[in-house]
Amino acid sequence: MTSSPVHPFDLLAIDGLLTDEERAIRDTVRAVGDRELRPHVAEWFEQGAIPARDLARRLGKTGVLGMHLTGYGCAGTSAVSYGLACLELEAVDSGLRSLVSVQGSLAMYAIWKYGSEEQKQEWLPGMAAGEKIGCFGLTEPDAGSDPGSMRTTARRDGSDWVLNGTKMWITNGSVADIAVVWARTDEGVRGFLVPAGTPGFTAPEIKRKLSLRASVTSELVLDDVRLPADAQLPQARGLSGPLGCLNEARFGIVFGAIGAARDCLETAIAYARDRTVFARSLASYQLTQAKLADMALELGKGMLLALHLGRLKDAGHLAPEQVSVGKLNNVREAIDIARQCRTILGANGVTLEYPVLRHANNLESVLTYEGTSEVHTLVIGKALTGEGAFR
Ligand code: TGC
Ligand code: FAD
């Protein structure tokens, strides 16, 4: 006896938890993703190249760049709406969500939160429109999980600053018009705005990635880069400056990872219903149904967690360790779902004809950036015990 299949999100009546406005924003981003991005994304991934400028403009037109910020051409939406946009973009590819996360939650947020009025006026409207691209340079070749050990320096020379050092694994780096660079000064860590083309500043692209191939990743090399005094972000003091930005981007990933997982599960369910093995539909076997049911549980729980954290954020009550709970859980479950879906697709699952191994490969980066699983485990461990175990 057969009946109409239910979408995994409908098992938990997720739609009923969203407002009309949230559903409308989600549907808009999903439609843009399906119409303008999904048809090209396998090719971008295969070639390891994206039309970044064109994409930024299209995403700017859709209104998702810095959408949760207010003023300066930003849409000023709720955190949940921003999360849902991340979810829909990452359902297409984590690389596209990364472009939006880095632009809106890292580069724009740093300027919006810590910048002077002149810096905000100069950069934010163009970045919201996608006319200007930003990147965020915190990680270094020898300082990833422990950004406090960064070696990049900024020293005073008269009223100027002179920056030296190397940043590594920087999303959007070689296509960026403006780099937010974090450096050590005599007074602690400070943030600087480094425009592309500043003498001594180069951003070579990192090639041969096996993950996040539909995303630009670069080194930032700073060789006696001289900046005027007003290039410093005046309100950022110490490591809490960059870490404050990370809370924003990690929040987007809590939702985004669910998008990648949803796309995998939808693909696997459709494939299992269509595929005949041993003279019956693959979906009709109990082993397949056990896999699908387990994945639907984790997907639904992850979505509920994301929405709960989103409601806390909109109420102004979201703590960094709660973001760690969401990032750790949802990325870990998403990568498990992607790998399990790959098994349902058999050999077809290893090709770019289907999105599942592309998502699984992307999620390897998502598991690592914005704080590795181990870092978020330790953040939660510290919250639970009061004991830091990072060092
Ligand atoms: P710790 O001594 O604990 O803290 C130093 C200062 O920072 C404050 N703080 C925070 N502030 C805001 N938000 C947070 N989440 C914060 N966590 C800590 C803290 O209160 C203190 O302030 P103050 O005023 O007392 O100085 O720092 P620690 O050196 O022990 O490090 C803690 C640790 C390991 C959790 C942190 O460093 C960390 O999160 N490491 C992971 C690094 C990371 O996530 N890097 C990501 C780089 S960007 C990126 O990956 C972009 S990917 C592209 C995309 O998003 O798509
Ligand atoms: P490491 O810090 O060297 O960690 C290696 C391993 O050690 C990990 O498993 C880690 O969890 C573990 N480990 C670390 N500390 C501990 C501990 N105390 N206890 C136990 N285990 C520990 N960075 C930016 O600044 N901007 C960007 O735009 C950006 N984009 C990125 C894009 C991509 C595609 C990737 C892959 C990375 C990007 N990153 C970016 C860098 C990313 O944030 C770092 O890779 C990440 O923070 C981890 O640093 P690491 O790679 O140096 O690993």
Side-chain angles (χ1 to χ4, degrees), residues 48 86 89-90 93-107 109-110 113-114 133-150 152 165-176 179-183 187-189 191 203 205-220 236-254 256-257 260 318-324 327-328 331 361-383 387-391:
C86 288
L89 290 167
E90 195 146 358
D93 194 273
S94 302
L96 302 173
R97 195 269 309 137
S98 256
L99 196 163
V100 170
S101 291
V102 169
Q103 177 87 347
S105 283
L106 294 179
Y109 182 82
K113 178 82 178 167
Y114 307 122
I133 298 179
C135 71
F136 181 90
L138 179 63
T139 305
E140 300 185 354
D142 296 314
S145 299
D146 179 14
S149 66
M150 71 174 68
T152 298
T166 306
K167 298 290 176 180
M168 193 69 182
W169 305 113
I170 307 306
T171 301
N172 298 349
S174 31
V175 293
V180 175
V181 173
W182 300 95
E187 291 151 9
V189 171
E205 189 170 351
I206 298 172
K207 295 286 191 185
R208 308 188 77 190
K209 286 178 296 171
L210 297 174
S211 170
L212 227 75
R213 290 178 57 74
S215 173
V216 175
T217 315
S218 315
E219 237 179 295
L220 305 182
R237 295 257 177 282
L239 207 52
S240 61
L243 293 180
C245 303
L246 297 186
N247 294 332
E248 299 296 307
R250 290 167 177 172
F251 171 79
I253 292 174
V254 174
L318 187 62
E321 58 271 22
Q322 293 172 323
V323 180
S324 288
K327 205 260 177 184
L328 175 62
V331 181
N361 278 7
N362 284 338
L363 287 164
E364 293 289 346
S365 287
V366 183
L367 200 64
T368 292
Y369 66 34
E370 294 289 356
T372 64
S373 306
E374 291 79 4
V375 161
H376 290 294
T377 301
L378 292 172
V379 170
I380 296 166
K382 183 178 174 189
E387 306 264 5
F390 299 102
R391 19 181 94 74

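Values below: all heavy atoms of this structure, side chains included; hydrogens, waters and symmetry mates excluded. What you see is a predicted model; the values in this text were computed from it and never measured. Both ligands and their constituent atoms are indexed starting at 1 by order of listing.
Checked by distance only, ligand 1 and Asp146 stay at 3.5 Å or farther apart across all their nitrogen or oxygen atoms. Considering both main-chain and side-chain atoms, Arg250 comes within under 3.5 Å of ligand 1 through a nitrogen or oxygen pair. Annotation: Tyr369 places an N or O atom under 3.5 Å from an N or O atom of ligand 1; distance criterion only.
The closest non-hydrogen atom to atom 31 (C) of ligand 2, taken over Phe390, Trp169, Phe136, Trp182, comes from Trp169. The closest heavy-atom contact to atom 22 (O) of ligand 1, among the options Ser240, Ala249, Ser215, Gly137, comes from Ser240. Scanning Thr171, Thr139, Asp146 for the heavy atom closest to atom 24 (C) of ligand 2 points to Thr139. Remark: among candidates Val323, Leu243, Leu212, the nearest residue to atom 16 (C) of ligand 1 is Leu243, based on non-hydrogen atoms. The heavy atom nearest to atom 37 (O) of ligand 1, out of those in Gly95, Pro147, Ser149, is found in Pro147.
Between the side chains of Tyr369 and Ser98, at least one donor N or O sits under 3.5 Å from an acceptor N or O. Side chains of Glu140 and Thr152: a donor on one and an acceptor on the other come within 3.5 Å.
Using a 4.0 Å threshold on non-hydrogen atoms, atom 5 (C) of ligand 2 does not count as touching the protein. Shown here, atom 31 (O) of ligand 1 is out of close reach of the protein: none of its heavy atoms lies under 4.0 Å off. Protein non-hydrogen atoms do reach within 4.0 Å of atom 43 (C) of ligand 1. Distance screen at 4.0 Å: atom 10 (C) of ligand 2 has a protein heavy-atom neighbour inside the cut-off. For atom 20 (O) of ligand 1, the nearest protein heavy atom lies 4.0 Å away or farther. Protein heavy atoms are found less than 4.0 angstrom from atom 2 (O) of ligand 2.
Each of the atoms 12 (C), 13 (N), 14 (C), 15 (N) of ligand 1 lies under 4.0 Å from some heavy atom of Asn247. Atoms of ligand 1 found under 4.0 Å from any heavy atom of Pro320, numbered from 1 in the order shown, are 15 (N). Taking every non-hydrogen atom of Gly371 and a distance limit under 4.0 Å, the qualifying atoms of ligand 1 come out as 43 (C), 44 (O). Close contacts between ligand 1 and Phe390 involve ligand atoms 34 (C), 35 (C) [criterion: under 4.0 Å to a heavy atom]. Residue contact check: Thr372 has heavy atoms under 4.0 Å from atoms 10 (C), 11 (O), 48 (C) of ligand 2. The Gly144 neighbourhood of ligand 1 comprises atoms 42 (C), with distances under 4.0 Å to a heavy atom of that residue. Those atoms of ligand 2 with a heavy atom of Leu378 less than 4.0 angstrom away are 17 (C), 18 (N), 19 (N). Which parts of ligand 1 touch Thr171 is read off a 4.0 Å heavy-atom cut-off, strictly below it: atoms 53 (C). Per-residue contacts place Leu212 under 4.0 angstrom from the following atoms of ligand 2 (heavy atoms of the residue considered): 34 (C). Within the listing of ligand 2, atoms 24 (C), 25 (O), 26 (N), 27 (C), 28 (O) sit less than 4.0 angstrom from a heavy atom of Ile170. Within ligand 1, counting atoms from 1 as listed, the ones closer than 4.0 Å to a heavy atom of Leu106 are 51 (C). Against a heavy-atom cut-off of under 4.0 Å, Ser98 is close to the following atoms of ligand 1: 54 (C), 56 (O). Each of the following atoms of ligand 2 lies closer than 4.0 Å to a heavy atom of Glu374: 9 (O), 10 (C), 11 (O). Contact atoms of ligand 2 toward Leu138: 25 (O) (distance under 4.0 Å to a heavy atom of the residue). Taking every non-hydrogen atom of Glu370 and a distance limit under 4.0 Å, the qualifying atoms of ligand 2 come out as 43 (O).
At the shortest separation from atom 45 (O) of ligand 2 among protein heavy atoms lies Thr368 CG2, 3.7 Å. When hydrogens are left out, the protein atom nearest atom 33 (C) of ligand 2 is Tyr369 CD2, 3.6 Å; that is the closest non-hydrogen contact. Of all protein heavy atoms, the one lying nearest to atom 36 (C) of ligand 2 is Ser365 OG, 3.8 Å. In terms of protein heavy-atom proximity, atom 49 (O) of ligand 2 is nearest to Gly144 CA, 3.2 Å. In terms of protein heavy-atom proximity, atom 29 (O) of ligand 1 is closest to Arg391 NH2, 3.1 Å. Of all protein heavy atoms, the one closest to atom 13 (N) of ligand 2 is Ser145 OG, 4.5 Å.
Residues Glu90 and Val366 approach most closely at OE2-CG2, 3.8 Å, considering heavy atoms.
Contacts between Thr139 and ligand 1 below 4.0 angstrom, taking non-hydrogen atoms only, involve the side chain exclusively. With a 4.0 Å heavy-atom cut-off, ligand 1 is reached by the side chain of Arg97 but not by its N, CA, C or O. Counting heavy atoms closer than 4.0 Å to ligand 1, residue Val102 contributes side-chain atoms (C-beta onward) but none from N, CA, C or O.
Under a cut-off of 6.0 angstrom, the local environment of NZ in Lys113 is sparse, with at most 12 non-hydrogen atoms contributed by other residues, nucleotides or ligands.
Residue-ligand proximity: Gly244 is placed with a non-hydrogen atom under 4.0 Å from ligand 1. Using a 4.0 angstrom heavy-atom cutoff, Glu140 does not count as in contact with ligand 2.
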